[in-house]
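So you know, we letter chains A, B, ... as the sequences are listed, proteins then strands, and number each from 1.
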Number of protein chains: 2
Amino acid sequence: MLSAYRAVMQIDDVDRAILAILQRNSRTIAEDIGAEVGLSAAAVQRRIKRLRENGTINREVAVLDPRALGQEMTFVVLVELERERAHLLEELRRRFLEDEHVQQCYCVTGQIDFVLVISARDMAEFDAVTRRVLFDNPTVRRFTTNVVLDRVKVGLTVPTG
Amino acid sequence: MLSAYRAVMQIDDVDRAILAILQRNSRTIAEDIGAEVGLSAAAVQRRIKRLRENGTINREVAVLDPRALGQEMTFVVLVELERERAHLLEELRRRFLEDEHVQQCYCVTGQIDFVLVISARDMAEFDAVTRRVLFDNPTVRRFTTNVVLDRVKVGLTVPTG
DNA sequence: CATGAAAATTGCTAACC
DNA sequence: GGTTAGCAATTTTCATG
């Protein structure tokens with residue numbers, strides 16, 4: 001658990017302002033950020049370095065257009081498990097993590113046990129993915145597929161206020 | 001529609017290799033990428049520039065740790081609409097887009113109409129969010145809340161193969 | 001201990017070929 | 001696409017409150 005580390009962190013309002021900028025555009029240069037938050041470029045860089053080191057900034061990534069890469073379809077799959085035998089559940093999680101077509105995976109409470117976001121070139125590829133990660137597993141009782149009509153909001157931004 | 005533009009795009013295997021690297025870590029320097037894909041740093045830069053301009057690289061962002069910002073809880077909310085009156089639906093979409101606690105929103109087919117991923121400091125804040133964006137709307141028939149126990153996979157990575 | 005200023009380094013950009 | 005020169009941004013150093 002990372003609670004111990006988090007207890008050490010102290011994020012002030014200037015940090016929050018910097019983070020708000022970087023989670024929209026991580027290529028914003030330190031000088032511009034400094035102008036925004038009222039700090040020198042060097043001071044901004046030092047804060048960013050600290051935020052990276054203490055894990056507040058998890059990573060910096062390029063967000064790609066799935067369509068440009070031929071991934072025309074997105075699906076939300078709701079997975080219901082037969083029962084929750086610990087080691088089988090772990091096996092399942094590993095499959096989700098390893099499969100690059102499984103973009104997202106949340107383990108949740110309630111009627112549903114897993115929520116998956118899956119991307120695929122077409123229906124045939126999606127079928128192949130579900131067969132690979134869901135059908136071949138006795139733990140999976142059933143799953144319902146929802147075709148995504150519109151990826152209204154796909155960001156990973158976090159409220160910084 | 002962007003199909004016309006996409007038809008112009010031609011992404012080869014080297015581009016795909018570069019994209020695969022950048023979507024894990026957008027701060028990877030061109031020289032290192034070049035070593036990986038067998039190109040000079042300048043050539044890599046030129047390709048990245050092109051991929052940004054043609055929209056294959058949508059944007060570059062910092063991924064933050066929600067817990068470091070006090071957002072301890074995540075929810076997956078499945079929304080069912082009363083009926084699909086176009087302008088009310090548009091109003092709803094706008095709410096989802098504007099609310100910074102709504103991290104993700106997918107419009108889907110099937111029994112469900114919207115899938116939302118919502119982050120909040122605690123249950124009280126989550127309740128406030130749902131009241132704000134869901135309760136005050138006649139279009140929403142009902143919604144089911146799923147508390148996220150584990151954010152197993154949260155990336156936005158796209159298969160580049 | 002965080003800051004700002006300035007030097008030193010690194011990485012990017014834009015010409016060439 | 002490679003090479004190189006010039007530039008931009010980051011990183012380090014150092015003095016200051």
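For the pair B:Arg93 and A:Val152, the tightest heavy-atom approach, listed with the atom from each and the gap, is NH1-CG2, 3.7 Å.
If you measure from atom CG of A:Leu39 to atom C1' of D:dT10, you get 15 Å, rounded to the nearest angstrom. With rounding to whole Å, B:Arg50 atom CZ is found 15 Å from C:dT13 atom P. Between A:Leu51 atom CG and C:dA2 atom C1' the separation is 14 Å, expressed in whole Å. Separating the CD atom of B:Glu60 from the C1' atom of C:dG11 is a distance of 15 Å, rounded to the nearest angstrom. Atom P of nucleotide C:dA15 and atom NZ of B:Lys49 are separated by 10 Å, given to the nearest angstrom. To the nearest angstrom, P of D:dC7 lies 17 Å from CD of A:Glu31. For the pair B:Ile29 CD1 and C:dG11 P, the computed distance is 4 Å after rounding to whole Å. Remark: P of D:dA9 and CD of A:Gln45 are 11 Å apart, rounded to the nearest angstrom.
Other residues, nucleotides and ligands contribute only 12 or fewer heavy atoms inside 6.0 Å of the CD atom of B:Glu31. Heavy-atom neighbours of B:Glu91 CD from other residues, nucleotides or ligands within 6.0 Å: above the threshold of 12.
A donor-acceptor contact under 3.5 Å links the side chain of B:Arg46 to the base of D:dG2.
B:Arg27 has no side-chain polar atom (N or O) that falls below the 4.0 Å cut-off from OP1 or OP2 of D:dT10.
Residue contacts for B:Ala42: at a heavy-atom cut-off of 4.0 Å it reaches a base atom on one of the strands shown. Among the heavy atoms of the strands lying under 4.0 Å from B:Ala30 are primed sugar atoms or P, OP1, OP2 only; no base atom is included.
Note on B:Glu98 versus B:Arg94: no salt bridge recorded, every NZ/NE/NH1/NH2 to OD/OE distance being 4.0 Å or above.
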